[in-house]
Amino acid sequence: MIQETLPKVYNPHEVEAKWYKYWEEKCYFHAKVEPGKKPFTIVIPPPNVTGSLHMGHALNNTLQDIVIRKHRMQGDSTLWLPGTDHAGIATQNVVERQLAQEGLTRQDIGREAFIQRTWEWKELYGSRIINQLKRLGASCDWSRERFTMDEGYTKAVRREFVQLYHEGLIYRGNYIVNWCPRCLTAIADIEVEHAEEEGNFYYVKYMIKDSSDYITVATTRPETILGDTAVAVHPEDGRYKELVGLTVIVPIANREVPVIADDYVNPDFGTGALKVTPAHDPHDFEIGERHHLKSISIFTPEGKMNKEAGKYEGMDRFDAREAIIKELQDKDLLIKIEPMKHSVGHCYRCDTIIEPYLSTQWFMRMKPLAEPAIRIVEEGKIAFVPEQWKKTYYDWMYNIRDWCISRQLWWGHQIPAWYCKDCDEIIVTEEAPTHCTKCNSTNLEQDHDVFDTWFSSALWPFATLGWPEETDDLKYFYPTSLLVTSHDIIFFWVARMVMQGLHFMGEKPFDDVYIHALVRDEFGRKMSKSRGNVIDPLDVIEEFGTDALRFTLSSMATPGRDIFLSRERIEGYRNFANKLWNASRFVMMNLEGYEKAEIADSDLETADRWILSRMNHTTMHVDEAIKVYNFAEASRLIYDFFWSDFADWYVELTKPRLYQKESLYTRQIAQNLLVNIMDHTLRLLHPFMPFITEEIWQKIHQVSGNSSVESIVIAPWPKVDASMIDAAAEADMGLIQSVTSSIRSIKAVLGIALTKPVKVLLNTPDENKRDILERDSSYIYELAWVDNLIIGSNILKPEHSAVDVEQGIEIFMPLKGLVDIDEEIRRLERELAKTEADAEKSRRKLANPQFLAKAASAVVDMEQAKLAEFDDKIAKL
RNA sequence: GGGCGCUUAGCUCAGCGGGAGAGCACCUGCCUUACAAGCAGGGGGUCAGUGGUUCAAAUCCACUAGCGCCCACCA
């Protein structure tokens, strides 16, 4: 028997492993190019190969999977393309750390061996996150899995570089970049994280040559004095006008440098005199260019002082700062120290303080690429959801600066540029050249640097589909339909995909961009390992099951606010899964003798028409909610329908029929309805809770012998049957629910056990309502444990009765022998006070002539009906 | 210095122009033959503050306060 095989509590673990394997074996996730059919495509935001599933991934991929599964069920040719990102710095760091445990550095083993080792690492551990995504239930087409450094992708990246170079959109030059002294590479402007920090403003004397006068210069970074090649003042600054053109002595370095005038200087800041260090400040660099100043680098790549620093050579930059302050004090060149807050840049990867550093790098010209990317959003051809993120996108695009794309790393796409050692020619081609195109020399060397990881991920929506080859996939699935990501990578990734998509494909990469929230802990703090407040999705899956986690995340995916995740919330949805389990258990326990039957309209009771109406309403609203990516709303609708309508009321109302208190025929109708409603609801819920819905769906169809397809994954998305939406049935059922709840409430408040049978009298002059109550009186008997129900139009309140009024129906419950009447009097007084307050509010509203004149008539009618009901209730209580 | 978001029950959050909601927590009573991860019932909120628009404001507008995020070269 089924009852024996189904445990009372849903156990997600075996279910989840079983079904994922089944789905993969059946290739349900494999997308086919089917001309004539509508494609629906999402490319996954590729997680780093070093990654381990965190809540952000869990949210991101749950939402994608919901949309994907729905489209698959709708019959679209649905592709969710997965893959991973080689994640230059992150991966290199991991392997370097591994080496460090063996007492080695990457330099010790050399570039080739290091890259080899990193590939080995990738083969071993790179699939971890993929397996975690599978545990999450992600229905990706794994046959199309890509990696940003696989062979085809490498070809795409080379094409990107070479083409942009020949179009003049990529150039190489010696500029100030953000240098990370720990990662030993340049990073892009947006990879620098600024933080307000306590610092000092040091006022330093710069002696004027052959004079005892001096200019006071204020700086936050005295160690850079050693690289100064000028002092700049504003041309209109009266205080310094006469000093322009003179020579001053740079302290400690004792270098003679000019006083120059430049508009950049702000006379109101500091002392109005600026020390110029072209090699270590981007603005100073520009001033240096304008005035043809020398650039003197004083740091090594590691952030130590170099030989230009003289006796400070070899000292760490921050130790040197202290030492130099001391020396300035000793030489009486330091006037004062003022504390000040200033913004300090940190490496986004390792948090090391960034050093502006002069070096030769490759850059991409962004303005020409940004223009079409701005236009496509302005024209509404790419939609951001929520819309407000458009502004963020525009702000960045309008103020875009050139992008430093070269990185001094070993792990990544090595730049396909070769330098002729004989004639200095630069050769940029996709395939390695054999000889110099200018002097024919074979003495060539490839650029040592690799590309910024985002330079390759910018191609993700089309390189993964085969570009630069014109594959069938590319033609069919591009542009993709939707991108799901969080707002922290709008600049890094979204913006650049738009630019490169438009540039290389001539077409936008996606239609919609859905931006979801960041996941924080229950107190709103960022989850971080150091804080110890990380809720690991894999732990949650262990404890509550994947479906509970997914449903939690989906329920909280409302636009506009970050998600503060708490375990309690997850537990609540675990309980929902259990509710589903037990409701289906109930259905299956009562399917004996089930036969599929066509249900005629005349077979339907009020409760049936009501639940079918509610079901279709729910489905309609779920469709609408998903369409606008309101996952929280969709989840709530299904939750409420299933628990509050189906389980709490409908299931109870089918019991008399199932328990054969009536005929076998009505039992069969009830069985069919239950199976149909479960089937429909499970399909509606499947994208959100794929595992439990499959498990139950399979079981129900096994018992009912009723399946037309072999898995819910490919079952059709539930259709709305508008003819089943039945306002009358909903109103009738509402009446029954009101009366039932009232009786239950009276019993509960007066301490009468629900299961204690009572006598109830219902009085109303409304003939229609009496008919409904008569017709469906069995519901009241069943739900409120009434054993004697009298319905009439002229019933007077029996002595010692509890009384209530619901929807104009007087409800009397004789209490004789049941309970002390005083408690009922107190209850009634509370009820009366509340109703009188409500009535008063209504009355005031209706007494206002403005309200009557200006409000919509439906609103006025409603208010009048409300007041009438309140008054009626007051009169009767 | 700009920009954005948030502030609703003890907690986590919906609602975003016409009767203040859910889950958890709390209180009362129930092992009612699907479910105690449950059932029935109940208490609890000047919807951050001030002002405005409107017949009507949690909802729209302005300002204020607090929290959070993003951008910005002021050394």
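Proteins get letters first, then strands, A, B, ... in listed order; numbering begins at 1 in each. Predicted, not measured: the structure shown is a model, and the values here were computed from it.
Rounded to whole Å, the separation between the P atoms of B/A20 and B/G43 comes to 16 Å. Here, B/G52 and B/G15 have their C1' atoms 24 Å apart, quoted to the whole Å. Nucleotides B/G44 and B/C27 place their P atoms 16 Å apart, quoted to the nearest Å. The C1' atoms of B/A22 and B/U8 are separated by 12 Å, rounded to the nearest whole Å. B/C47 sits 23 Å from B/U54 when the P atoms are compared, rounded to a whole Å. Annotation: B/U64 and B/C6 have their C1' atoms spaced 16 Å apart (nearest Å).
Between A/Thr558 and B/A14 there is a side-chain N or O to OP1 or OP2 distance below 4.0 Å. Side-chain N/O atoms of A/Lys391 include none lying less than 4.0 angstrom from OP1 or OP2 on B/G3. For B/G38, neither phosphate oxygen OP1 nor OP2 lies less than 4.0 angstrom from any side-chain nitrogen or oxygen of A/Asn578. Contact check, A/Tyr10 against B/G38: no side-chain N or O comes under 4.0 Å of OP1 or OP2. An OP1 or OP2 oxygen of B/G29 is reached within less than 4.0 angstrom by no side-chain nitrogen or oxygen of A/Lys756. Residue A/Arg567 has no polar side-chain atom (N or O) positioned under 4.0 Å from OP1 or OP2 of B/A25.
With rounding to whole Å, A/Arg585 atom CZ is found 13 Å from B/A37 atom C1'. If you take NE2 of A/His487 and P of B/G68, they are 15 Å apart, rounded to a whole angstrom. Put simply, CH2 on A/Trp389 is 7 Å from C1' on B/C4, counting in whole angstrom units. If you measure from atom CD of A/Glu193 to atom P of B/C70, you get 8 Å, rounded to the nearest angstrom.
As judged by a 4.0 angstrom heavy-atom cut-off over every strand, A/Glu652 is placed among the base-contacting residues. A/Ala577 comes within contact range of no nucleotide atom at all, as no heavy-atom separation falls under 4.0 Å. Using a 4.0 Å heavy-atom criterion, one finds that A/Val265 contacts the bases of the nucleic acid, with or without backbone contacts as well. Contact annotation for A/Val587: no contact, since no heavy-atom pair falls under 4.0 Å across all strands. Residue-level contact check: A/Phe646 touches neither bases nor backbone, having no heavy atom under 4.0 Å from any strand. No engagement by A/Ala853 is indicated, since no non-hydrogen atom pair under 4.0 Å with the nucleic acid exists. Looking at heavy-atom distances under 4.0 Å, A/Gly199 makes no contact with the nucleic acid at all. Residue A/Ala218 is classed as a base contact, given a heavy-atom separation below 4.0 Å to a base.
The aromatic ring centroids of A/Phe269 and A/Phe201 lie less than 6.0 Å from each other. Between A/Phe631 and A/Tyr514, the gap from one ring centroid to the other is short of 6.0 Å. Aromatic pair A/Phe384/A/Trp389: centroids not less than 6.0 angstrom apart.
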Going 5' to 3' along nucleotides 53-61 of chain B, which nucleotides have protein heavy atoms under 4.0 Å from the base (write B), which only from the sugar-phosphate (write S), and which from neither (write -)? --B------

Could you list the protein-to-nucleotides 20-23 of chain B atom pairs, N/O on both sides, closer than 3.5 Å?
unit_1 : atom_1 : unit_2   : atom_2 : d
B/A20  : OP1    : A/Lys841 : NZ     : 3.0

Can you pull every protein N or O that's under 3.5 Å from an N or O on nucleotides 39-44 of chain B?
unit_1 : atom_1 : unit_2   : atom_2 : d
B/C39  : OP1    : A/Lys579 : NZ     : 2.9
B/C39  : OP1    : A/Trp643 : NE1    : 2.7
B/G41  : O3'    : A/Ser745 : OG     : 3.4
B/G42  : OP1    : A/Ser745 : OG     : 3.3

Dot-bracket for RNA chain B, please, read 5' to 3', with Watson-Crick or G-U wobble pairs under 3.5 Å on both distances, ( ) within the strand, [ ] crossing, | other strand, . unpaired. ((((((((.[[[[.)..(..]]]].(((((.......))))).....[[[[[..)....]]]]])))))))....

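When distances run from any side-chain atom of A/Asn582 to the nucleotides B/G3, B/G18, B/A34, the shortest one goes to B/A34. Closest contact between the side chain of A/Arg401 and the listed nucleotides B/C13, B/A75, B/A72 involves B/A72. Residue A/His283 has its side chain nearest to B/C73 when only B/A34, B/A37, B/C73 are considered.
You'll find the side chain of A/Ile515 reaches within 4.5 Å of the side chain of A/Val513, heavy atoms only. Taking the side chain as every heavy atom from C-beta outward, A/Trp649 and A/Leu783 approach each other to under 4.5 Å.
Below 30°, between 30° and 60°, or above 60°: for A/Phe551 and A/Phe576 the angle between ring planes is between 30° and 60°, a tilted geometry.
Judged by distance alone with a 3.5 Å cut-off, no donor-acceptor contact links the side chain of A/Tyr264 to the base of B/C74. Within 3.5 Å, a donor on the side chain of A/Arg574 pairs with an acceptor on the base of B/A37, or the reverse.
The number of heavy atoms from other shown groups lying within 6.0 Å of CD (A/Glu196) is above 12.
Take A/Phe586 and apply the ring pair (Phe, Tyr, Trp, His ring centres under 6.0 Å) test, not counting sequence neighbours, and it matches no residue. Contacts of A/Tyr202 classified as ring pair (Phe, Tyr, Trp, His ring centres under 6.0 Å), with partners at least two apart in sequence or in another chain: none. Residues satisfying the ring pair (Phe, Tyr, Trp, His ring centres under 6.0 Å) test with A/His280, not counting sequence neighbours, are A/Phe299. Under the side-chain hydrogen bond (donor to acceptor under 3.5 Å, both in side chains) criterion, A/Arg239 pairs with A/Asp237, sequence neighbours left out. Residues that satisfy the side-chain hydrogen bond (donor to acceptor under 3.5 Å, both in side chains) test with A/Thr219, not counting sequence neighbours, are absent from this structure. With sequence neighbours left out, A/Phe641 forms a ring pair (Phe, Tyr, Trp, His ring centres under 6.0 Å) with no residue at all.
In this structure a side-chain-to-backbone donor-acceptor pair under 3.5 Å is present from A/Glu191 to A/Ala188.
Between the CG atom of A/Asn590 and the OG1 atom of A/Thr654 there is a distance of 7.5 Å, given to the nearest 0.5 Å.
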List the atom pairs, with distances to 0.1 Å, where a side-chain N or O of residues 221-229 of chain A and a protein N or O form a donor-acceptor pair under 3.5 Å, not counting sequence neighbours.
unit_1   : atom_1 : unit_2   : atom_2 : d
A/Arg221 : NE     : A/Glu223 : OE2    : 3.4
A/Arg221 : NH1    : A/Glu355 : OE2    : 3.1
A/Arg221 : NH2    : A/Glu223 : OE2    : 3.4
A/Arg221 : NH2    : A/Glu355 : OE1    : 3.1
A/Arg221 : NH2    : A/Glu355 : OE2    : 2.6
A/Glu223 : OE1    : A/Arg321 : NE     : 2.9
A/Glu223 : OE2    : A/Arg321 : NE     : 3.4
A/Glu223 : OE2    : A/Arg321 : NH2    : 2.9
A/Thr224 : OG1    : A/Arg221 : O      : 2.8
A/Thr224 : OG1    : A/Lys275 : NZ     : 2.7
A/Asp228 : OD1    : A/Lys275 : NZ     : 2.7
A/Asp228 : OD1    : A/Thr277 : OG1    : 2.7
A/Asp228 : OD2    : A/Tyr206 : OH     : 2.4
A/Thr229 : OG1    : A/Lys294 : O      : 2.9

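A salt bridge (Lys or Arg N to Asp or Glu O under 4.0 Å) check over residues 632-641 of chain A, counting only residues at least two apart or in different chains, returns the pairs A/Glu633-A/Arg636, A/Arg636-A/Asp640.
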